[in-house]
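In what follows, a single structure is set out as structure tokens and then discussed.
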Amino acid sequence: MSEHAHSSGARVYVLTLVALLILTGITVGASYINFGSASANIIIAIVIATVKVSLVALFFMHLRHDNPLNAIIFISSLIFLGIFLAFPLIDIQSRDKIIPNGLRVREQVAAPKQAAPAPAAPAHH
Amino acid sequence: MADIVATPKSQSHGDHYDVDYLNDGSLLSWLTTVDHKKLGVMYLWSILFMFFLGGVFALLVRLELMNPGQTIMTAEQYNKAFTLHGAIMVFLVIIPSIPAALGNFALPLMLGAKDVAFPRLNLLSFWIYVTGAIIATVAMVTGGVDTGWTFYTPYSTTTDGPVALMTFAAFVLGFSSILTGVNFVATVHKLRAPGMGWFKMPLFVWGIYATAIIQVLATPVLAITLLLLIFERLFGVGVFDPKLGGDPVLFQHFFWFYSHPAVYIMILPGMAIISEVIPTMSQKVFFGYKATAFSSVAIAIVSFVVWGHHMFTSGQSQLAGAIFSFLTFLVGIPSAIKVFNWITTMYKGSISLAAPMLYALMFLILFGIGGLTGIFLGTMSVDIHLHDTYFVVAHFHYVMMGSTLIAFLAGLHFWWPKMFGRMYNERAAQIAAFFVFIGFNATFLPQFLLGSRGMPRRYYDYLPEFTPLHQVSTVGSWLLGLGFVIMAGYLFASLRKKMDAPSNPWHARTLDWQTSSPPITHNFHEIPVLKQGPYDYFKPFEPSVEGYHE
Amino acid sequence: MSSESYGHAAEHAFRQHHFVNSEQQFDTSKLGMWLFLATEILMFGGLFVGFGLMQANYPEAWVAGHHHLDRIMGSINTVFLLCSSFTMVMAVHASSTNQKSKTVLNLLATLAFAGGFMVIKYFEYSHKFHEGILPGRYFSYAGGGPPEQAMFFGFYFAMTGIHGVHVLIGMILIAWLTIRAQRGEFSSAYYTPVDLIGLYWHLVDLIWIYLFPLLYLVS
Amino acid sequence: MNWLRDWMMPLAASEHAKKVDDLYIFTFWLMLAFFILIVYLTVLFPLKYKRKKEGVMTINFSHNLALELAWSVIPLILVIGLFFWGFNDYVESRVHQNDAIEVHVTANKWNWAFEYPDGSRSIKALHVPVNKPVRLILTSEDVLHAFFIPALRTKTDVIPGRYVELPFTATVAGKHQVFCAEYCGRGHSGMFAELYVDTPEQYETFLKEGPEEFKTMPLVELGKFTYNEAGCKSCHTIDGTKSEGPSFKNLWGKSEKLRDGSSVTVDESYIRESILNPTAKVVAGYEPVMPSFQGLLRDRQILGVIEYIKSLK
């Protein structure tokens, strides 16, 4: 029951910690640099975070030597999270943005209506 | 019918070891028991009580709809009544019904285990369920909630009433469901009896396993959705409120990411029971065992990518709608496979028409209607017309009630002798089944027609042209109620008898029947060692528990 | 699995009666823990999804919001949590190799790092409360900026708040572990609680590893 | 099969509606065939293989690849066919028509308001010309609603903070029912509107003079209707209590002191001016917050309001 405890000894843990600290330094440093666009910075930050997470999962959480079932559970939770992110993203990215003709102009004209009940919204308030 | 001959191999266990679980320990000790059977029975009573409550709300709703205009209550009261009916039935009855009550009781027995993997977690899960039920009750008596069980924003964030409390109740109940799921996955993986490979597991276990996977992966999202909703009400964060820049459609994505798989949390255990009852009552080997087992898991996984079919008219993008529509159709295939496998299993069997089988056959017909009408709703152009009408109401009642609840009744009648050691009156069971079947169809068949003719759902009042169909539906609901009253009558009556149930009244081959009725506290005297597949009715019975014979 | 009979005296006291042997019990507990961690991932995941989609809608508000967060404090907290994860895994290692005092020391170090994390969080929170940076409708920061900042801070407080609650629960569990370790209850034959709470603690760390860049390093 | 369609579906008032019905009826027969098969076997097997003797062995019929493939693949092909059919009809129905008449629809609890391209408005009654493409642009002021026209087999949720569109071309003139299909609280089940599919002449008349009944209703009644539906009652009471605007009770013939110090007698021309150009003469003690109703009320409605105020003695 404790084979993993022997296979990854203290030295591996120290190396992992050092790697994690270095990566933290890199990600903080990278946040001061402009990589061209906001999304580029975010992607770099997320990639570094993912590397850090993999290190923690593989070495601190022993997934490298553990029963593969546990790794399957861990990875499938991430896959389902991916599904959860992907579909709303598809939806939001591909929604029609309807701006009817002249609507914005009309909205400005109608702006003072906010003070009084608007005729467009009559009755039953 | 032979009784169990369960002479203990070793007398060292002492008397306590041989007492049936029902009579082991004081009544008070039940409250802190970690025995999966007792917890199953406690869940059963709680769920039946909640079913009664939800049923009363259902009858009130139907009574109000007897005539157009105000019949017995005001619009506000009606809105609260249907919300409570939905919330109670979904969160407190159907989702826990089969896994928590029958699953808790039967799953470890079927695996040949002494208990679930984490008995104390099981107890915790039960008390979380009770806590959730109490919070929901508090929300009901402190004003009630009128959001509908779906809690759609921004209505739910702006309406009065203890919405946050009701939401919190659902949040708490979610944890009960998660813990049950964790427990069952671990149990199935780690506590199978020696010799029980994955494809020697009873199909009930497969179904509950697939359900547990969904419970583990989907319910946390419900938890966070409801938490965000509570934040929204308390702090006005605005994620789902367009006035603050949020997106109400996003709430629907969050909600249905859980709630569509939740439909399968409801139906998969029902299918699981039918997969158990049909081969047993037909004394036939299960046709297409592997296909059925895999289709459970396939349904569980595909169920995560179809939620958008609840949102074809919601303002979701057309591309997303098309993807969801296509995937929705795919989920129909494993269901079709299951139906044909069940039917073929009966072919050339030796079929008993005892109560569990009556309900199983009823399930086949009602699930047939529920599943086939789902095809209409998956078709985009037709769904645009049918969405949010009574057609949808009828469809999901055929699936949730006509299928899951009927399967629950099949399972209840199937395991009742094992749970309580008593046989119920078979004739009374037939009469009740008749009323349930007639009443159910009278209630919900007219609603398909109402829906296709354009009657929207959640209407307190309606146009006069819909009156006759609504009246048929209301009368049907009373017949259905009558069926349940008869059922309560003969089930309670059976509990007053002395224990008369044989250990294996249905001549089943699974391990749960190879112990006494009711089982002893530790389920089996010896660890069962599997000798036979669960449905090997084509060869003589070879018990897997030593000392057991029919 | 062996076919050994149920009910006989366990080979040692830690085994519950329904398990055949303690290896089965250990594996099962660990599986249960991983399943629980999966639910945690999906629960936090919901927040991340909401956060990300709203960030796509209001990038300016997100950048403006992040300017109120102190990158240095965030970095120190990240280092604290990483170190605590390291001491935790050392504690697991020590307990599985029968090193009682090393177990206790590492657990105490973990507690100290976690405490440091909470202290810094406290300063960050109270500073924000002071400036009127509160979630949603209570957002009353005088310095201006896009109105959706209120939503950013709704997420900020929800995410760090729920994470903070997890840290607190973890600290309580680790304190309980320390007491048990001090009593010498763990050995190479039985260190399941240390291992499981260790897994939980690493997950709390994992979530922070994503929270930190997403909240503090947006620009 | 028209009887079946007429029995199951409301009147089909557009080409799209007919297509939906075709698909619906086709699916119905297909599903009925499957259902009959299921019921037939579910009833047949238990009767035919009813248990006669306890404890018999049964055959070992546990799988059959051809059979299993058949009932997996055939339904698969059928549902993929249905998907494309339904998807195609759906996309067709949502195609943007360039010459469509744009009508803006605003939903609130529990009312539908419509605004036409020429700026005229109507409440709870949508007028569109027959056989002309129409594009509704919908938004909500409070919670989710859904605009549901059964006769056109179409609906869309109406979302606060967003605009959604609903294109259609009605081909059957007459009056059709509109429902709110997304639950929105107490008045949900009464949140109706009527869709009037007008002949071109009727539509022209509507734009000029308002709905048909405006021409026939007695003036006082029309005034009361307008007072209730056009929004007057939000600010003007009829029981003498002060609100955002002066109460209509005993207003007729009264001499009102204005903000600029002058005074005016409440007569036909003052009321008309107050409706069309409300900020010109504001009564002392009130803010100039009333919006203009120019283009919103037809002449006969204004007359009606005047008569109604006269009647409130």
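As the structure is a prediction and not an experimental result, all values here were calculated from the model. First the proteins, then the strands, lettered A, B, ... as listed; each starts at 1.
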**Study point:** Engaged part of D/Ser93 at the chain B interface, taking heavy atoms whose separation is under 4.5 Å
**Key:** neither

Practice item. Step through the shown structure and confirm whether more than 12 heavy atoms of other residues, nucleotides or ligands are within 6.0 Å of OH on D/Tyr40. Key: no

Exercise for review: Under 4.5 Å heavy-atom distance to chain B, tell me which part of D/Ile159 shows up: side chain, backbone, both or neither.
Suggested key: side chain

**Study point:** Side chain, backbone, both or neither of B/Gln77 within contact of chain D (heavy atoms, under 4.5 Å)
**Key:** neither

Revision key, fill the gap. Scored by heavy-atom pairs under 4.5 Å with chain D, the best of B/Thr373, B/Leu372, B/Ile369, B/Leu450 is B/Leu372

Check your understanding: Do D/Asp142 and B/Thr158 come within less than 4.5 Å of each other through their side chains, counting heavy atoms only?
Key -> no

Check your understanding: Between D/Leu30, D/Thr42, D/Val20, D/Asp89, which shows the greatest number of heavy-atom pairs under 4.5 Å with chain B?
Key -> D/Thr42

Review point. What part of D/Leu37 lies closer than 4.5 angstrom to a heavy atom of chain B: side chain, backbone, both or neither?
Key: side chain

Check your understanding: Taking the side chain as C-beta and beyond, is there a heavy-atom pair between D/Met9 and B/Arg453 under 4.5 Å?
Key -> no

Exercise for review: Counting only heavy atoms closer than 4.5 Å, note whether B/Pro154 contacts chain D via side chain, backbone, both or neither.
Suggested key: both

Exercise for review: Under 4.5 Å, counting heavy-atom pairs only, tell me which of B/Gly349, B/Gly288, B/Ala336 racks up the most with chain D.
Suggested key: B/Gly349

Exercise for review: Select one option (side chain, backbone, both, neither) describing which atoms of B/Phe251 are under 4.5 Å from chain D's heavy atoms.
Suggested key: neither

Practice item. Take the angle between the ring planes of B/Phe466 and D/Phe179 and call it parallel below 30°, perpendicular above 60°, tilted in between. Key: tilted

Point to revise | Heavy-atom proximity to chain D below 4.5 Å, by part of B/Thr153 | key: backbone

Practice item. Specify which of D/Glu92, D/Lys19, D/His16, D/Glu68 makes the most heavy-atom pairs with chain B at under 4.5 Å. Key: D/Glu68

Point to revise | Worked check of ring pair (Phe, Tyr, Trp, His ring centres under 6.0 Å) between B/Phe82 and D/Tyr183 | key: CA-CA 12 Å; B/Phe82 81 68; D/Tyr183 173 69; 5.2 Å; yes

Review point. Do D/Asp157 and B/Ser314 have side-chain N/O donor and acceptor atoms under 3.5 Å apart?
Key: no

Check your understanding: Ring centroid separation for D/His188 and B/Tyr460, is it under 6.0 angstrom?
Key -> no

Review point. How close do B/Lys348 and D/Thr58 get, heavy atom to heavy atom, and via which atoms?
Key: O-CG2, 4.0 Å

**Study point:** D/Cys180 versus B/Pro456, closest heavy-atom pair with distance
**Key:** O-CB, 4.1 Å

Exercise for review: Name the region of B/Asn341, side chain, backbone, both or neither, that has any atom closer than 4.5 Å to a heavy atom of chain D.
Suggested key: both

Practice item. Start with the C-alpha gap between D/Phe148 and B/His385, add the side-chain angles, then the distance that decides, and say whether side chain to side chain contact (heavy atoms under 4.5 Å, CB included) holds. Key: CA-CA 8 Å; D/Phe148 175 29; B/His385 175 57; 3.8 Å; yes

Study note, to complete from the structure: When the 4.5 angstrom heavy-atom criterion is applied to B/Leu330 and chain D, the contacting part is side chain

Review point. With a 4.5 angstrom heavy-atom cut-off, which part of B/Thr159 approaches chain D: side chain, backbone, both or neither?
Key: neither

Exercise for review: Counting only heavy atoms closer than 4.5 Å, note whether D/Asn88 contacts chain B via side chain, backbone, both or neither.
Suggested key: neither

Review point. Is the shortest heavy-atom distance from the side chain of B/Lys539 to the side chain of D/Asn60 under 4.5 Å?
Key: no

Review point. Side chain, backbone, both or neither: which part of D/Ile80 has an atom under 4.5 Å from a heavy atom of chain B?
Key: side chain

Check your understanding: When the ring planes of D/Phe45 and B/Tyr347 are compared, do they come out parallel, tilted or perpendicular, using 30° and 60° as the limits?
Key -> tilted

Revision key, fill the gap. Taking every heavy atom of B/Pro242 against every heavy atom of D/Pro160, the minimum-distance pair comes out as CB-O, 3.1 Å

Check your understanding: Hey, which of D/Gly161, D/Gly55, D/Ala181, D/Ala17 has the most heavy atom pairs under 4.5 Å with chain B?
Key -> D/Ala181

Revision key, fill the gap. Cut-off 4.5 Å, heavy atoms of chain B, and the answer for D/Phe28 is both

**Study point:** Residue B/Leu463 versus chain D: region with a heavy atom under 4.5 Å
**Key:** side chain

Check your understanding: Relative to chain D, which of B/Val249, B/Val339, B/Thr344 shows the most heavy atom pairs under 4.5 Å?
Key -> B/Thr344

Study note, to complete from the structure: Note: B/Asp247 and D/Arg162 closest approach over all heavy atoms is OD1-NH1, 4.3 Å

Point to revise | Neighbourhood of chain B inside residues 167-178 of chain D, taking heavy atoms under 4.5 Å as contact | key: D/Gln177

**Study point:** Shortest non-hydrogen separation from D/Leu41 to B/Met346 and the atoms involved
**Key:** O-CE, 4.3 Å

Practice item. Go through B/Tyr155 and D/Lys109 one step at a time and tell me if the side chain to side chain contact (heavy atoms under 4.5 Å, CB included) criterion holds. Key: CA-CA 11 Å; B/Tyr155 189 78; D/Lys109 285 182 191 169; 4.1 Å; yes

Point to revise | Student check: side-chain heavy atoms of B/Asp146 and D/Arg186 closer than 4.5 Å | key: no

Review point. Is chain D contacted by the side chain of B/Val285, its backbone, both, or neither, given a heavy-atom distance below 4.5 Å?
Key: both

Check your understanding: At a heavy-atom separation under 4.5 Å, does D/Ala146 approach chain B through its side chain, its backbone, both, or neither?
Key -> neither

Check your understanding: Which answer fits B/Leu449, side chain, backbone, both or neither, if we ask what part of it has an atom under 4.5 Å from a heavy atom of chain D?
Key -> both

Exercise for review: Can you tell which part of B/Thr147 gets under 4.5 Å to a heavy atom of chain D, answering side chain, backbone, both or neither?
Suggested key: backbone

Point to revise | Worked verdict on B/Ser325 versus D/Phe87 for side chain to side chain contact (heavy atoms under 4.5 Å, CB included) | key: CA-CA 8 Å; B/Ser325 170; D/Phe87 175 65; 5.9 Å; no

Study note, to complete from the structure: Looking only at D/Asp21, D/Ile38, D/Leu67, D/Leu152, most heavy-atom pairs under 4.5 Å shared with chain B are made by D/Ile38

Review point. Under 4.5 Å between any side-chain heavy atoms of B/Ile351 and D/Lys50, yes or no?
Key: no

**Study point:** D/Tyr24 versus chain B, the contacting section by heavy-atom distance below 4.5 Å
**Key:** both

Review point. Do D/Glu182 and B/Tyr152 come within less than 4.5 Å of each other through their side chains, counting heavy atoms only?
Key: yes

Exercise for review: Under 4.5 Å heavy-atom distance to chain B, tell me which part of D/Lys53 shows up: side chain, backbone, both or neither.
Suggested key: backbone

**Study point:** Heavy-atom side-chain proximity of D/Met31 to B/Ile375 below 4.5 angstrom
**Key:** yes

Practice item. Find the one option among D/Leu23, D/Leu44, D/Val39, D/Leu11 whose heavy-atom pairs under 4.5 Å with chain B are most numerous. Key: D/Leu23

**Study point:** Residue B/Lys243 versus chain D: region with a heavy atom under 4.5 Å
**Key:** side chain

Check your understanding: If you count heavy-atom pairs under 4.5 Å with chain B, which of D/Tyr49, D/Trp85, D/Tyr90 comes out on top?
Key -> D/Tyr49

**Study point:** Test item: B/Val382 and D/Arg153 side chains (from C-beta on) under 4.5 Å apart, heavy atoms
**Key:** no

Point to revise | chain D contact via B/Phe391 - side chain, backbone, both or neither, heavy atoms under 4.5 Å | key: side chain

**Study point:** Test ring pair (Phe, Tyr, Trp, His ring centres under 6.0 Å) applied to D/Phe61 and B/Tyr535, B/Phe538, B/Phe287, B/Tyr289, the passing residue
**Key:** B/Phe287

Study note, to complete from the structure: Looking only at B/Ile333, B/Leu353, B/Asp536, the option with the highest number of non-hydrogen pairs under 4.5 Å against chain D is B/Ile333

